[in-house]
Amino acid sequence: MLNNLEDAGYECIGVGKISDIFAGSGITQQIRTQNNTDGIAKTLDLMENDFEGICFVNLVDFDMLYGHRRDILGYTTALNEFDKDLEIFLANMRDDDVLFITADHGCDPGYKGTDHTRESVPLLGYSKCWKQGVNIGTRDTYADIAATLAQIFEIEYHGDGTGFLEMLK
């Protein structure tokens with residue numbers, strides 16, 4: 001999907017380790033970060049730019065420092081910090097901006113060990129142009145996000161997943 005966006009002329013900005021995760025494929029601009037705070041600050045700075053495309057952000061501390069290390073207090077503190085910045089982000093969204101917040105795997109900080117855990121990952125979405133309070137249910141695959149982004153940008157997509165944009169409009 002990132003390659004399809006790039007091929008269609010859209011920007012694909014990777015903040016944090018996104019470029020590393022995708023081996024640079026489909027990423028048109030890479031922005032390195034030091035931690036969650038730095039990643040959020042750089043993302044808020046990007047909101048001042050008018051670009052067409054996707055800004056894909058990885059806040060690695062949630063995973064690396066708190067989830068896998070089972071640091072409940074650290075995780076809670078990081079979530080509370082994120083909540084404050086999310087308020088700023090939402091207030092600065094343009095009418096046609098879209099926000100998805102998700103995780104790539106479960107990592108319950110209260111569970112023993114350091115491996116991934118099996119709970120479903122959350123998916124929160126928001127746009128001023130969408131209906132509010134829509135429950136899209138439990139999806140069959142994480143690829144539904146990619147399929148939905150392809151719908152939003154009206155680009156070809158032949159990967160796995162089923163888009164859910166029609167549920168949000």
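What you see is a predicted model; the values in this text were computed from it and never measured. Heavy atoms only: backbone and side chains are in, while hydrogens, waters and symmetry mates are out.
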[atom1] of [X] to [atom2] of [Y]: how many Å apart, nearest 0.5 Å?
X: Gln29; Y: Ser19; atom1: CD; atom2: OG; answer: 11.0 Å
X: Arg139; Y: Asp144; atom1: CZ; atom2: CG; answer: 4.0 Å
X: Asp38; Y: Thr43; atom1: CG; atom2: OG1; answer: 9.0 Å
X: Leu59; Y: Asn36; atom1: CG; atom2: CG; answer: 4.5 Å
X: Ile155; Y: Asn4; atom1: CD1; atom2: CG; answer: 5.0 Å
X: Ile152; Y: Lys169; atom1: CD1; atom2: NZ; answer: 8.0 Å

Fill in: Selection residues 139-164 - residue pairs positive for ring pair (Phe, Tyr, Trp, His ring centres under 6.0 Å), sequence neighbours left out
Tyr10-Phe153

Is it true that atom [atom1] of [X] has more than 12 heavy atoms of other residues, nucleotides or ligands lying nearer than 6.0 Å?
X: Glu166; atom1: CD; result: yes
X: Lys84; atom1: NZ; result: no
X: Gln132; atom1: CD; result: yes

Quick check: do [X] and [Y] have side-chain heavy atoms less than 4.5 Å from each other?
X: Phe82; Y: Ile40; result: yes
X: Asn92; Y: Leu44; result: no
X: Leu149; Y: Phe56; result: no
X: Ile136; Y: Leu168; result: yes
X: Leu86; Y: Ile101; result: yes

Common cluster, [X]/[Y], ILVMFWY with side-chain heavy-atom separation under 4.5 Å:
X: Val134; Y: Ile145; value: yes
X: Leu2; Y: Ile13; value: no
X: Leu124; Y: Met47; value: yes
X: Met93; Y: Val57; value: yes
X: Phe89; Y: Leu123; value: no

Does [X] reach the main-chain N or O of [Y] with its side chain, forming a donor-acceptor pair under 3.5 Å?
X: Glu11; Y: Glu6; result: no
X: Gln30; Y: Thr28; result: no
X: Asn58; Y: Ile18; result: no
X: Lys42; Y: Gly16; result: no
X: Asp61; Y: Asn35; result: no

Closest heavy-atom pair and its distance - [X], [Y]:
X: Arg94; Y: Asn49; value: NH1-O, 3.5 Å
X: Cys55; Y: Val15; value: SG-CG2, 3.8 Å
X: Ser25; Y: Asn3; value: OG-ND2, 3.0 Å
X: Met1; Y: Ile54; value: CE-CD1, 4.5 Å
X: Trp130; Y: Tyr126; value: CZ3-N, 3.5 Å
X: Thr148; Y: Thr162; value: OG1-O, 4.4 Å

